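These notes concern the structure reproduced below.
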Amino acid sequence: MVELPDLAVWIRHLLRQIPMGKVMTYGQVARLMGNITAARYIGEYARRHDHTNECPCHRLVRQTGELGLYVSGETREKETRLRAEGVIFKGDHVDLKQSGWQPDGDLFNSPLTELHEYQESICRAVKTSPLTGPIKLIAGVDLAYPKKGIGQAACVILNARTLKVEHELIQRSSISFPYISGYLAFRELPLLLSIWEELVRQNIEPDLIFVDGNGQLHPRKAGIASCLGVEINKPTIGIGKSLLCGSVPKGDETERPVLFQNETIGMAITSRRSQKPYYVSVGHRLTLAEAVDWTHRAGKQKKHRLPEPIFLADRLSRQ
DNA sequence: GCGACAG
DNA sequence: ATCTTGTCGC
């Protein structure tokens with residue numbers, strides 16, 4: 001795994017550069033960080049970070065000039081502070097033409113751009129050749145968040161033929177990296193790797209792992225299932241409960257391809273249990289057809305919408 | 001106004 | 001992901 005940047009420290013550093021009387025938009029900050037998709041995280045940061053009275057977070061606003069939420073969701077104090085600093089308003093909106101600000105040059109590194117390099121290396125390392133060797137044990141892994149900043153990972157090991165549960169494992173740890181769409185692995189992979197180490201210590205090695213989250217079904221073809229598979233060199237399957245990227249042709253087929261940039265990166269599966277599909281993709285070391293096939297085998301009881309290993313890991317992680 | 005985003 | 005009451009369906 002790569003060294004994780006401290007995004008909160010990075011934002012704090014940037015905020016200190018915004019001159020009094022000026023503002024930046026959430027999206028501008030996100031772009032500087034390396035990806036516009038982080039804009040929601042910036043907005044989230046604006047209202048939930050460790051705030052002090054000297055904190056200049058009121059200088060973050062929406063692209064429209066609307067103020068957006070201030071610490072703890074309030075807005076009045078934000079407007080008061082901005083007006084006191086001389087920020088120009090048009091009605092209740094900030095006039096971005098006059099009061100918008102951008103740092104000049106590239107004085108800032110882009111922490112997410114560095115993470116893209118890791119994702120590209122994962123993408124290159126993924127193998128989509130057929131499974132080798134027998135599949136006797138399968139696993140499902142997932143995380144829950146029992147408290148803010150604390151993650152709990154669960155791993156359920158099943159007999160691949162009977163689907164009987166043979167082992168259960170839980171591990172808890174603090175989580176510092178935020179959730180940003182497209183960067184889930186940097187939030188959840190460390191704990192998954194840690195639980196994997198514990199499996200190895202106990203001499204339990206599943207032959208195939210279902211991961212709650214996508215594999216190749218990812219804007220850079222490097223979702224968390226692929227990251228885990230490459231890191232531990234095991235076959236993995238990604239299972240997403242909603243669509244991250246790409247498009248699915250309309251129709252009533254139970255299996256429909258997920259198309260992205262002219263290739264099939266996953267399969268939308270509609271089990272008879274629910275109208276809402278879930279999305280299967282290759283994590284590592286198997287073909288998409290095999291991933292779909294194993295997903296069906298692992299859901300043969302048809303008791304739940306999702307394959308059994310994912311359903312069980314999800315439930316266990318919340319305990 | 002909408003699109004528009006795993007967990 | 002989490003926050004939450006009743007409610008619908010098997």
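Heavy atoms only: backbone and side chains are in, while hydrogens, waters and symmetry mates are out. Labels below follow one simple rule: chain letters A, B, ... track the order of the sequence lines, proteins then strands, and each chain is numbered from 1. Since we're looking at a predicted model, the values are computed, not measured.
Taking the side chain of A/Asp212 as heavy atoms from C-beta on, and the options B/dC5, C/dT2, B/dG7, the nearest nucleotide is B/dG7. Nearest nucleotide to the side chain of A/Arg40, out of C/dT2, B/dC5, B/dG7: B/dC5.
When every heavy atom of A/Pro103 is checked against every heavy atom of A/Met24, the shortest pair comes out as CD-CE, 3.9 Å.
At B/dG7, one or more side-chain N or O atoms of A/Ser242 fall inside 4.0 Å of OP1 or OP2 (strictly under the cut-off). The phosphate of B/dA6 (OP1 or OP2) has a side-chain N or O of A/Tyr179 nearer than 4.0 angstrom. At least one side-chain nitrogen or oxygen of A/Arg318 sits closer than 4.0 Å to the OP1 or OP2 atom of C/dT2.
Using a 4.0 Å heavy-atom criterion, one finds that A/Gly223 contacts the bases of the nucleic acid, with or without backbone contacts as well. Counting any heavy atom pair closer than 4.0 Å across all strands shown, A/Lys148 reaches no nucleic acid atom. Contacts of A/Tyr183 with the nucleic acid, taken as non-hydrogen atoms under 4.0 Å apart, include base atoms. Residue contacts for A/Gly182: at a heavy-atom cut-off of 4.0 Å it reaches a base atom on one of the strands shown.
Rounded to whole Å, the distance from CZ on A/Phe177 to C1' on B/dA6 is 14 Å. For the pair A/Arg305 CZ and C/dC10 P, the computed distance is 17 Å after rounding to whole Å. Per the geometry, CE belonging to A/Met267 stands 19 Å off C1' belonging to B/dA6, to the nearest Å. If you measure from atom CD1 of A/Ile224 to atom P of B/dC5, you get 19 Å, rounded to the nearest angstrom. A/Arg47 has its CZ atom 11 Å from the C1' atom of C/dC3, to the nearest Å. The distance from atom NZ of A/Lys241 to atom C1' of C/dT2 is 13 Å, rounded to the nearest whole Å. Rounding to whole angstrom units, CG of residue A/Leu192 and P of B/dG7 are separated by 14 Å. As rounded to whole Å, 16 Å separates atom C1' of B/dG7 from atom CD of A/Gln152.
The closest side-chain donor-acceptor pair between A/Glu308 and A/His304 falls under 3.5 angstrom. A/Arg187 and A/Tyr145 are linked by a side-chain donor-acceptor pair at a separation below 3.5 angstrom, with hydrogens and angles left out of the test.
Using cut-offs of 30° and 60° for the angle between ring planes, the A/His49 and A/Tyr45 rings count as parallel.
Stacking of A/Tyr145 onto the six-membered ring of C/dA1 is not present when judged by under 5.5 angstrom between centres and under 30° between planes.
The cationic atom of A/Arg62 (NZ for Lys, CZ for Arg) does not lie both less than 6.0 Å from the six-membered ring centre of A/Tyr26 and within 45° of the ring axis.
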